[in-house]
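Side-chain atoms are counted along with the backbone in the values below, which use heavy atoms only and exclude waters and symmetry mates. All values reported here derive from a predicted model rather than from experimental measurement.
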Amino acid sequence: MMSVFVVTLAYLIGSIPCGVLLTRLAGAGDVRRQGSGNIGATNVYRVAGKRLGVLTLVADMLKGLLPLLLLQALGRQDEVLLALVALALFIGHCYPLYLGFKGGKGVATALGIFLVLSPVSVVLALLLFAAVLWRFRYVSLASISAAALMPLLVLAFERSTLLFGVTLLIAAGVIYRHRSNIERLRRGTENRFTF
């Protein structure tokens, strides 16, 4: 029963729409009605400025990171529960209760989750992300590339079938949430990122 409560709470935490809250608090309006309409850091960066974009990135990452760290700090080392909480946090961000199940693409929240599950894997995936972003200037392509690499890295470094499985699900979710970006990349109409 406690596990059900913990996983449900994780989903509700994941559902917190940081980008929407931050842009409203800053008087920048509803980010869902501007730019691409996405609630994530990239769209916030484009429509409300660098500071709010970075804050959204950090906030979305922390909601993936902190609950898992708290779980570990409380002595809950059960790998199955850790995996379920990680998945619930990610699903909460992508399909938030508070926004009618229309959320973000999950990249920053996945980053926070992966920092707990496999920090070494994150470092290598971030190197790929940075290289792809620098070369092509597409955040979406960089995110998709890093997400695709993560399960293989987790399998190599953590040697856990369960963590590999949950990482594979989250990575597949990130890529699936980018399907419109993939179509724009294919057509050559995707927005490039400007530093």
Side-chain angles (χ1 to χ4, degrees), residues 8-70 85-115 122 125-126 129-130 132-134 136-147 170-195:
T8 302
L9 183 59
Y11 168 75
L12 295 174
I13 291 170
S15 288
I16 298 169
C18 301
V20 173
L21 294 174
L22 287 169
T23 49
R24 282 185 174 172
L25 286 171
D30 189 341
V31 70
R32 293 172 295 173
R33 306 187 192 285
Q34 303 176 65
S36 68
N38 191 267
I39 66 170
T42 303
N43 192 46
V44 172
Y45 181 96
R46 286 189 177 123
V47 304
K50 185 181 293 187
R51 185 176 66 88
L52 281 180
V54 171
L55 282 174
T56 300
L57 174 67
V58 171
D60 281 342
M61 182 189 70
L62 288 177
K63 75 180 182 185
L65 175 78
L66 295 179
L68 292 176
L69 289 180
L70 180 60
V85 167
L87 200 54
L89 289 164
F90 178 75
I91 291 170
H93 178 81
C94 296
Y95 304 98
L97 177 67
Y98 316 121
L99 298 180
F101 307 104
K102 295 176 181 177
K105 295 180 179 175
V107 176
T109 302
L111 172 60
I113 291 166
F114 293 149
L115 278 169
V122 169
L126 282 176
F129 177 94
V132 173
L133 182 60
W134 182 260
F136 299 103
R137 298 291 198 272
Y138 294 121
V139 174
S140 57
L141 183 60
S143 300
I144 291 164
S145 301
I170 291 172
V174 168
I175 295 168
Y176 174 76
R177 299 288 290 174
H178 280 83
R179 59 196 185 280
S180 60
N181 302 85
I182 293 170
E183 180 58 26
R184 287 194 296 272
L185 285 166
R186 191 185 66 79
R187 284 182 287 162
T189 57
E190 178 73 325
N191 291 324
R192 289 182 183 270
F193 185 79
T194 53
F195 294 95

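- Between I182 and I175 the shortest side-chain heavy-atom distance falls below 4.5 Å.
- The nearest pair of heavy atoms linking A48 to A28 is CB-CB, 4.0 Å.
- With a 4.5 Å cut-off on side-chain heavy atoms, R24 and L21 do not count as touching.
- In this structure, OG1 in T189 is found 9.5 Å from CG in N181, a value given to the nearest 0.5 Å.
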List the steps, then state whether side chain to side chain contact (heavy atoms under 4.5 Å, CB included) holds for V174 with K105. CA-CA 6 Å; V174 168; K105 295 180 179 175; 5.9 Å; no
Apply the test side chain to side chain contact (heavy atoms under 4.5 Å, CB included) to residues N191 and R46: give CA-CA distance (whole Å), side-chain angles for both, the deciding distance (0.1 Å), then the verdict. CA-CA 10 Å; N191 291 324; R46 286 189 177 123; 3.8 Å; yes
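- Here R192 contributes atom CZ and L141 contributes atom CG; the two are 10.0 Å apart, rounded to the nearest 0.5 Å.
- Side chain of R177 to main chain of C94: a donor-acceptor pair is present (N/O by atom type, distance under 3.5 Å, no hydrogens or angles).
- Between R187 and E183, at least one side-chain nitrogen of the basic residue sits less than 4.0 Å from a carboxylate oxygen of the acidic one, meeting the salt-bridge criterion.
- Between L89 and K63 there is no side-chain heavy-atom pair separated by less than 4.5 Å.
- Side-chain atoms of Y98 come within 3.5 Å of backbone N or O of L12 as a donor-acceptor pair.
- In terms of heavy atoms, Y11 sits closest to P96 at OH-C, 3.7 Å.
- In this structure a side-chain-to-backbone donor-acceptor pair under 3.5 Å is missing from T56 to G40.
- With 3.5 Å as the limit, one finds no donor-acceptor pair spanning the side chains of Q34 and N43.
- Between L185 and H178 the shortest side-chain heavy-atom distance does not fall below 4.5 Å.
- Residues F129 and S143 meet the side-chain proximity criterion, which asks for heavy atoms closer than 4.5 Å.
- Within a 6.0 Å sphere centred on OH of Y176, other residues, nucleotides and ligands contribute 12 heavy atoms or fewer.
- Going from atom CG of N38 over to atom OG of S140 covers 11.0 Å, rounded to the nearest 0.5 Å.
- Distance alone, capped at 3.5 Å, places no donor-acceptor pair between the R137 side chain and the T194 backbone.
- More than 12 heavy atoms of other residues, nucleotides or ligands shown are found within 6.0 angstrom of CZ on R179.
- With F193 as the partner, the ring-ring contact (aromatic ring centres under 6.0 Å, His included) test is satisfied by one option alone out of Y138, Y45, W134: Y45.
- Atom CG of L66 and atom CG of L115 lie 11.0 Å apart (nearest 0.5 Å).
- L52 and A26 get closest at one heavy-atom pair: CD1-CB, 3.5 Å.
- Counting all heavy atoms, side chain and backbone alike, A108 lies closest to D60 at CB-CB, 3.6 Å.
- With rounding to the nearest 0.5 Å, the separation of CG in L69 from CG in L62 is 9.5 Å.
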Starting from the C-alpha separation in whole Å, work towards a yes-or-no answer on side chain to side chain contact (heavy atoms under 4.5 Å, CB included) for T23 and V47. CA-CA 9 Å; T23 49; V47 304; 5.5 Å; no
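- Within the 4.5 Å cutoff, the side chain of V20 has heavy atoms near those of the L99 side chain.
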Could you please spell out the steps behind the side chain to side chain contact (heavy atoms under 4.5 Å, CB included) verdict for V107 and L111? CA-CA 6 Å; V107 176; L111 172 60; 5.7 Å; no
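- Between the CD1 atom in I91 and the CD1 atom in I170 there is a gap of 8.5 Å [rounded to 0.5 Å].
- Nearest heavy-atom pair, A88 versus A10, reported as atom, atom and distance to 0.1 Å: CB-CB, 3.9 Å.
- When every heavy atom of A147 is checked against every heavy atom of A171, the shortest pair comes out as O-CB, 3.1 Å.
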